[in-house]
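Chain letters run A, B, ... following the sequence lines, proteins first, then strands; residues in each count from 1.
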Protein chains: 2
Amino acid sequence: MNIGQAAEASGVSAKMIRYYEQIGLIEPPARSQSGYRVYAEPNVHTLRFVRRARSLGFSVEETAALLALWRDRSRASADVKTLALKHVAELEEKAAALQAMAATLRHLASHCHGDKRPDCPILDTIGSPN
Amino acid sequence: MNIGQAAEASGVSAKMIRYYEQIGLIEPPARSQSGYRVYAEPNVHTLRFVRRARSLGFSVEETAALLALWRDRSRASADVKTLALKHVAELEEKAAALQAMAATLRHLASHCHGDKRPDCPILDTIGSPN
DNA sequence: CTTGACCTTCCCATGATGGGAAGGTGTAGC
DNA sequence: GCTACACCTTCCCATCATGGGAAGGTCAAG
């Protein structure tokens, strides 16, 4: 399987597969005589793991840690759970920060007429000298 | 006022002030004979505006648009409100995405014993072949 | 006049991703 | 066997906003 097929099968773009290899997240695959990367099923499996971890908001570095745990059959599930819950807390913190911004802005907007007049509490507040 | 004082007064780091100037978000300030940037109150006011817009999650580009509206005394408040509400929607979308990740992961974690045994539904799910 | 705090510009790094160029390979159809 | 086209390789560049740091100039206090 060439990189394009592995990309298709895993949902990770060819560009990203090369990048993950370059930074050491995944193992370099076999190469054909002409230098093409050759992927087998286990490689694709790993790529899918990476894609899912990324889609859960884990950074590449965190994904590397998860991958190591995944491959370590003697890991303690407590280690995984700890990592996961710490990540959940970070995600929720970021979500809360975004929602706080949205709430503030929505509040400002609710006081803005939204007509042709220039008067606008949104800009007034953002630009207030205080 | 030198850049350090402007940074202090506005809450924007000196590095960022130079950067904002470089990319054209803010006007180049006056210079002293020796080449130091010299800021007056209106400059600091602008910097504060920028800092607040950024802290509400507006990108630098969006901040530039807001700044233009702020300076345009004949703007229609509708334009500002439209921009703001569009941004609110984006913020809420991002927040929802993060919360969805958190919820998924929290759910997975709730099924993980979190003890010394290796068995772990979190990794099992992320690494499932499907 | 020295010292230390401040300023200048310039370059580099981050994190994850995409775009694209220049050139090699593999294969299908003729 | 040749041509065309899809695919592969590496390499460099861009993004976005921010910080770090080096090399060198300036200013004010002692």
Side-chain angles (χ1 to χ4, degrees), chain A residues 1-26 28-40 43-44 46-67 87 90-91 94 97-98 101, chain B residues 1-26 28-40 43-44 46-67 87 90-91 94 97-98 101:
Chain A
M1 191 167 14
N2 286 341
I3 199 170
Q5 285 142 354
E8 177 84 10
S10 66
V12 179
S13 75
K15 276 278 192 194
M16 278 301 102
I17 295 176
R18 294 194 194 97
Y19 173 70
Y20 290 153
E21 178 188 334
Q22 191 208 315
I23 62 173
L25 177 62
I26 59 176
R31 294 277 184 147
S32 73
Q33 276 195 324
S34 57
Y36 284 20
R37 286 172 180 80
V38 177
Y39 297 88
N43 302 297
V44 173
T46 299
L47 285 169
R48 263 195 293 260
F49 182 97
V50 170
R51 176 176 58 75
R52 291 213 187 100
R54 298 280 304 117
S55 78
L56 286 171
F58 289 99
S59 70
V60 166
E61 199 174 352
E62 289 164 335
T63 300
L66 283 176
L67 208 43
H87 186 58
E90 288 167 5
L91 289 170
K94 281 183 201 164
L98 291 176
M101 291 177 195
Chain B
M1 195 171 3
N2 286 341
I3 199 170
Q5 285 141 356
E8 178 84 7
S10 66
V12 179
S13 75
K15 276 276 191 196
M16 279 302 101
I17 295 176
R18 294 194 195 96
Y19 173 69
Y20 291 153
E21 178 189 334
Q22 190 208 316
I23 63 173
L25 177 63
I26 59 177
R31 294 277 184 149
S32 73
Q33 277 196 323
S34 58
Y36 284 19
R37 288 172 179 80
V38 177
Y39 297 89
N43 302 298
V44 173
T46 300
L47 286 169
R48 263 194 293 260
F49 181 98
V50 170
R51 176 176 58 76
R52 292 214 185 98
R54 299 279 304 116
S55 79
L56 286 171
F58 288 99
S59 70
V60 167
E61 198 174 354
E62 290 164 335
T63 300
L66 284 176
L67 209 42
H87 186 58
E90 287 167 5
L91 289 171
K94 281 184 201 164
L98 291 176
M101 290 177 196

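Between B/Arg18 atom CZ and D/dG20 atom C1' there is a gap of 12 Å when expressed in whole angstrom units. Counting to the nearest Å, the P atom of C/dT25 and the CG atom of A/Asn2 are 14 Å from each other. Regarding B/Ile3, its CD1 atom lies at a distance of 17 Å from the C1' atom of D/dC27, rounded to whole Å. What separates CD of A/Gln22 from C1' of C/dG15 is a distance of 13 Å, to the nearest Å. When the C1' atom of C/dC6 is taken as reference, atom CE of B/Met1 falls 15 Å away, rounded to whole Å. Rounded to whole angstrom, the span from the CD1 atom of A/Ile23 across to the P atom of C/dT14 amounts to 11 Å. Straight-line distance from the OH atom of A/Tyr39 to the C1' atom of D/dT9: 12 Å, rounded to whole Å. Distance CD1 (A/Ile17) to P (D/dT10): 13 Å, rounded to an integer number of Å.
For C/dC7, neither phosphate oxygen OP1 nor OP2 lies less than 4.0 angstrom from any side-chain nitrogen or oxygen of B/Arg37. The phosphate of D/dT18 has OP1 or OP2 within less than 4.0 Å of a side-chain N or O from B/Tyr20. For the OP1/OP2 pair of C/dG18 and a distance below 4.0 Å, the side-chain nitrogens and oxygens of A/Ser13 include at least one atom meeting the criterion. Between A/Arg31 and the phosphate of D/dT10, there is a side-chain N or O to OP1/OP2 separation shorter than 4.0 Å.
Closest of all the heavy-atom pairs between B/Asn2 and B/Tyr36 is ND2-CD2, 3.8 Å.
The local environment of CD in B/Gln5 is crowded, with over 12 non-hydrogen atoms from other residues, nucleotides or ligands closer than 6.0 Å.
Of the residues near DNA chain C, B/Lys15 and A/Met16, the one whose nearest nucleotide (by heavy atom distance) lies more toward the 5' end is B/Lys15. Residue whose closest nucleotide on DNA chain D sits further toward the 5' end, between A/Gly4 and B/Ser34: A/Gly4.
Panel note: side chain B/Arg37, backbone B/Pro28; no donor-acceptor pair is recorded below 3.5 Å. Looking at A/Arg54, its side chain never comes within 3.5 Å of a backbone N or O of A/Thr63 through a donor-acceptor pair. At distances below 3.5 Å, not a single donor-acceptor pair connects side-chain atoms of A/His87 with backbone N or O atoms of A/Glu62.
In this structure, A/Asn43 and A/Ile26 have side chains that are not in contact, with every pair of non-hydrogen atoms separated by 4.5 Å or more. Contact of the B/Gln22 side chain with the B/Arg18 side chain is not registered, since no non-hydrogen atoms from C-beta on lie closer than 4.5 Å.
Considering CG of B/Leu25 and CG of B/Leu47, their distance stands at 8.5 Å, rounded to 0.5 Å. Distance check: B/Arg52 CZ to B/Ser10 OG gives 10.5 Å after rounding to the nearest 0.5 Å.
End-to-end axis angle of the helix from C/dC1-D/dG30 to C/dC30-D/dG1, using five pairs per end and rounding to 10°, comes to 20°.
If you check residues 53-64 of chain B against DNA chain D, the residues with a heavy atom closer than 4.0 Å are B/Arg54, B/Ser59, B/Val60, listed by number.
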Derivation of the side chain to side chain contact (heavy atoms under 4.5 Å, CB included) call for A/Tyr20 and A/Val60: CA-CA 8 Å; A/Tyr20 290 153; A/Val60 166; 4.0 Å; yes
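One N or O donor and one acceptor, one from the side chain of A/Tyr36 and one from the base of C/dG24, sit under 3.5 Å apart.
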